[in-house]
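Step one of this worksheet: look at the structure below.
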Amino acid sequence: MDESSLNAYKQLFHALSLIPISHYVLAFTLIWALFLYNFLEIHFFQDLFCALRSAPVALTFHPSSHIYHGVVSKCRILHGSYFATPWLSSPHFQTAFLNFFGNPPVFSYKRQLFHASDGGTIALDWLTSSDVSRGTFEMNDAVSKDDTTPLVVVIPGLTSDSTSAYIKHLAFGMAKRGWNVVISNHRGLGGVSITSDCFYNAGWTEDIRIVIDYLHHHYPKAPLFAVGTSIGANILVKYLGEDREKVPVAGALAICSPWDLLIGDRFICRRLVQKLYDRAIAIGLQGYAKLHEPRYSRLANWEGIKKSCSIRDFDNSATCLVGKFETVDTYYRHCSSSSYVQNVSVPLLCISALDDPICTREAIPWDECRANKNIVLATPQHGGHLAFFEGITASSLWWVRATDEFLGLLHTSPHMHVQKAENSELQLSVGSSTDQGPYVNIAEDGMVATVGNEHASKNVVEHLPGLGKIHNKECDQMVSATEQKQYLMEAKSDIAANAAQVSGQCSNLQGAKSLDVIAPVKRCLNHLSRQNRKSMWVLAYIAIITSWPIVGSAFRIFSRKKLGNVSLATSHGR
């Protein structure tokens with residue numbers, strides 16, 4: 001390097017040294033602020049601009065949806081705009097503030113212990129409208145069986161329970177409206193120990209099914225609604241899709257659902273900020289496992305649980321082993337609610353923020369929601385995960401107000417879902433003792449223990465001191481005695497008809513043998529014909545067309561032999 005070049009650098013450094021240090025500090029601060037503004041996805045200036053130019057919540061629905069035209073079209077909150085609390089103008093600020101502070105209202109629940117038929121215990125925490133209106137808490141003030149007050153069942157998110165801030169916001173808001181609220185805590189949460197080898201997971205719908213069935217049977221005059229949050233929303237949508245029109249739920253909401261767990265798993269380890277959430281949730285799952293270490297150490301890989309650094313690690317070491325899933329991806333595919341959206345037959349409002357840092361917008365089943373007339377999807381631009389704080393003091397959650405308005409309008413509309421009577425679709429096996437239990441398909445629902453008839457006959461609901469005990473024997477039975485009796489009577493009539501037909505043609509022994517073969521087939525055919533008679537004609541037509549070449553060939557061979565014998569006999573006669 002020549003001397004002129006060195007002189008140029010010396011002059012440059014000398015000029016830079018003349019700039020005050022405060023200017024360097026200011027420049028560094030501005031660059032760092034821009035980096036954090038983008039990294040933390042802050043949208044303060046965007047909100048400031050949108051205050052001048054309205055940005056309403058995006059709604060996705062079927063053009064002929066009666067839920068939208070009859071209910072959601074009247075919701076002012078959903079047709080308005082959501083503006084986040086100015087000092088929480090970031091999905092990460094909102095989500096963190098919700099988990100560490102949340103500004104929840106102060107009140108107390110009434111605890112009720114629900115004992116499932118497999119021996120598991122579920123904590124049901126009640127907040128009634130009378131508790132909020134009087135501002136007092138009385139243990140003996142139970143809900144009457146003939147009460148017509150609407151009842152809302154809330155399903156918390158992963159590792160969340162009734163004490164979570166967002167759950168308290170929702171429960172207090174609905175009780176203040178004049179409704180009764182019950183939070184169905186997941187097994188092992190809410191301060192209740194695991195009392196069986198069954199653990200909940202992201203797709204385990206049996207617990208909410210038996211709880212909703214119990215509430216429906218015990219409070220038959222109260223309209224029943226359901227609200228699921230995060231993983232609870234995934235469980236709720238999957239349950240609604242599995243049971244379709246048979247669910248006793250009049251309406252439902254899914255708040256910040258992950259929808260597709262496989263896509264969510266790929267998303268949460270994509271960027272540094274998402275990896276922080278992944279690690280934080282894994283720590284929460286480890287804490288849950290430590291509460292129930294004796295069972296987890298026996299059923300799962302305890303060393304792997306302690307070393308888990310992500311949700312996937314925990315699911316690989318615990319959830320898959322307890323739930324009998326082959327791989328983590330198998331578990332995610334099986335338990336994703338996006339596959340059940342098209343089957344939902346209940347008015348369902350789904351709310352998901354497009355900037356949710358945990359449940360990505362990439363997993364939202366847009367087309368499936370648009371194709372189902374019972375679903376309306378609301379997607380605000382901002383809100384974080386289950387946060388949606390609004391107001392200067394961040395004292396309220398936007399989605400709680402939207403939930404309150406939607407359920408209120410749905411309750412007064414003619415569009416509430418009415419449970420349809422179950423058809424007699426039971427396939428009865430005389431020699432089976434496990435088909436009657438509620439937990440039969442272990443691999444499908446991810447549970448460890450199987451329950452037979454002796455356990456499936458009843459569920460025990462236990463109130464804490466002051467609330468008494470209730471024994472509900474019909475709550476969780478899969479088939480009523482009346483339906484079984486009717487089905488057996490039909491089977492007997494089929495057997496009698498077959499016996500009468502066969503006895504005229506064969507001996508008693510042959511008739512009995514043929515009866516054993518024909519009776520089950522006839523029962524199946526009768527069952528199919530009752531469901532769809534047109535299908536029977538189609539099946540008969542297909543059977544004739546497909547079997548005709550074989551029958552025709554056999555007939556031709558038989559004819560040729562017969563004619564040959566006749567001609568041979570004729571020639572001998574001559």
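Atoms considered below: every heavy atom in the structure, side chains included; atoms not considered: hydrogens, waters and symmetry mates.
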Distance from Leu409 atom CG to Arg76 atom CZ, nearest 0.5 Å?
10.0 Å

Would you find a donor on one side and an acceptor on the other, under 3.5 Å apart, between the side chain of Asp243 and the backbone of Lys246?
no

Is there a donor-acceptor contact under 3.5 Å from the side chain of Asn374 to the main chain of Val344?
yes

Quick one: does Phe93's side chain get under 4.5 Å of Phe97's, heavy atoms only?
no

Could you verify whether a donor N or O on one side chain and an acceptor N or O on the other, from Thr327 and Thr330, lie under 3.5 Å apart?
yes

Start with the C-alpha distance between Thr205 and Glu242, add both sets of side-chain angles, then the distance that settles side chain to side chain donor-acceptor pair (under 3.5 Å), and finish with yes or no.
CA-CA 9 Å; Thr205 58; Glu242 287 175 344; 2.9 Å; yes

Check: Leu253 and Leu407 side chains under 4.5 Å, non-hydrogen atoms
yes

Phe172 and Phe107 aromatic ring geometry - parallel, tilted or perpendicular at 30°/60° bounds
parallel

Between Glu405 and Lys74, does at least one N-O distance fall below 4.0 Å, as a salt bridge requires?
no

Nearest atoms (heavy-atom pairs only) where Val72 meets Val376
CG2-CG2, 3.9 Å

Using the side-chain contact (heavy atoms from CB on, under 4.5 Å) rule, take Trp398 and Phe83 through it: C-alpha gap first, then chi angles, then the decisive distance, then the call.
CA-CA 9 Å; Trp398 176 86; Phe83 296 102; over 6 Å; no

For Arg295 and Asp197, which heavy atoms make the closest approach, and how far apart are they?
NH1-OD1, 2.7 Å

Ile255 side chain reached by Ser230 side chain, heavy atoms, under 4.5 Å:
no

Correct closest heavy-atom pair for Ser336 and Leu261 would be OG-N, 2.9 Å

Is a side-chain donor-acceptor pair under 3.5 Å present for Tyr332 with Asp315?
yes

Would you please say whether a donor-acceptor pair under 3.5 Å links the side chains of Glu368 and Ser338?
no

Do Thr149 and Asp147 have a side chain donor and acceptor closer than 3.5 Å?
yes

Classify the ring geometry between Phe61 and Tyr68 as parallel (under 30°), tilted (30 to 60°) or perpendicular (over 60°).
parallel

Can you tell me how far apart CG (Leu88) and OG1 (Thr85) are? Round to the nearest 0.5 Å.
5.0 Å

Please state whether the rings of Tyr331 and Phe325 are parallel, tilted or perpendicular, taking 30° and 60° as the class boundaries.
tilted

Indicate, with yes or no, if the rings of His411 and Trp179 have centres closer together than 6.0 Å.
yes

Side-chain (Ser395) to main-chain (Gly391) donor-acceptor, under 3.5 angstrom:
no

Just by modelled atom types, is the Asp161 backbone N or O under 3.5 Å from a matching donor or acceptor in the Ser164 side chain?
yes

Step through it carefully: locate the ring centre of His92, locate the ring centre of Tyr277, and say whether they are under 6.0 Å apart.
yes

Looking at Ile183 and Pro156, what are the two nearest heavy atoms and their distance?
CG2-CG, 3.8 Å

To the nearest 0.5 Å, tell me how far Ile210 CD1 sits from Asp118 CG.
7.0 Å

Is His415 reaching over with its side chain to a backbone N or O of His69, donor-acceptor style, under 3.5 angstrom?
no

For the pair Cys369 and Val341, evaluate side-chain contact (heavy atoms from CB on, under 4.5 Å) and give the outcome as yes or no after the intermediate values.
CA-CA 7 Å; Cys369 291; Val341 172; 4.2 Å; yes

Compute whether any side-chain donor of one residue and acceptor of the other, for Ser337 and Asn234, lie under 3.5 angstrom apart.
yes

Side-chain touch Tyr82/Ile77, heavy atoms, less than 4.5 angstrom
no

What do you reckon, are the aromatic ring centroids of Tyr288 and Tyr200 less than 6.0 Å apart?
yes

Begin from the C-alpha positions of Phe388 and Tyr166 and carry the test ring-ring contact (aromatic ring centres under 6.0 Å, His included) through to its verdict.
CA-CA 10 Å; Phe388 297 88; Tyr166 67 91; over 10 Å; no

What is the ring orientation for Tyr214 with His218, classed by angle as parallel under 30°, tilted 30 to 60°, or perpendicular over 60°?
parallel

Nearest 0.5 Å, please: how far is CD1 in Ile375 from OG1 in Thr60?
11.0 Å

Is the side chain of His216 donor-acceptor paired with the backbone N or O of Pro223 at a distance under 3.5 Å, no angle test?
no

For a side-chain contact (heavy atoms from CB on, under 4.5 Å) check, start with the C-alpha distance between His79 and Leu59, then their side-chain angles and the critical distance, and finish with the verdict.
CA-CA 8 Å; His79 282 82; Leu59 298 174; 3.9 Å; yes

Close side-chain approach of Ile212 to Tyr239, heavy-atom, < 4.5 Å
yes

Less than 4.0 Å between a side-chain N and a carboxylate O, is that true for Arg312 and Asp329?
yes

Closest heavy-atom contact between Ile155 and His186?
CG2-CE1, 3.9 Å

If you measure from the Lys or Arg side-chain nitrogens to the Asp or Glu carboxylate oxygens, is any gap between Lys110 and Asp131 under 4.0 Å?
yes

Between the main-chain N or O of Leu354 and the side-chain N or O of Gln381, is there a donor-acceptor pair closer than 3.5 Å?
no

Decide yes or no for Asp125 and Val182: does some side-chain heavy atom of the first lie under 4.5 Å from some side-chain heavy atom of the second?
no

Is the closest side-chain heavy-atom distance between Thr229 and Ser160 below 4.5 Å?
no

Does any donor atom in the side chain of Arg187 or Ser196 lie under 3.5 Å from an acceptor atom in the other side chain?
yes

Report yes if some heavy atom in the side chain of Val71 is under 4.5 Å from a heavy atom in the side chain of Phe406; otherwise report no.
yes

If I take atom CD1 from residue Ile358 and atom NE2 from residue His385, how far apart are they, to the nearest 0.5 angstrom?
4.5 Å

Quick check: does any side chain N or O of Asp355 sit under 3.5 Å from a backbone N or O of Gly383, one acting as donor and the other as acceptor?
yes

Under 3.5 Å donor-acceptor, Asn180 side chain and Leu127 backbone:
no

Thr121 and side chain to side chain contact (heavy atoms under 4.5 Å, CB included): which partner among Ile194, Val192, Asn185?
Val192

Within the side chain of His169, is there an N or O that forms a donor-acceptor pair under 3.5 Å with the backbone of Gly102?
yes

Closest approach of Val132 to Ala175 (non-hydrogen atoms, all atoms of both residues):
CG2-CB, 3.4 Å

Is Asp404 paired with Arg401 through a side-chain N to carboxylate O contact shorter than 4.0 Å?
no

Nearest-0.5 Å distance that lies between atom NZ in Lys168 and atom CG in Leu397
13.5 Å

For Leu348 and Cys350, what are the C-alpha separation, side-chain angles and deciding distance, and is it a side-chain contact (heavy atoms from CB on, under 4.5 Å)?
CA-CA 6 Å; Leu348 175 64; Cys350 307; 3.8 Å; yes

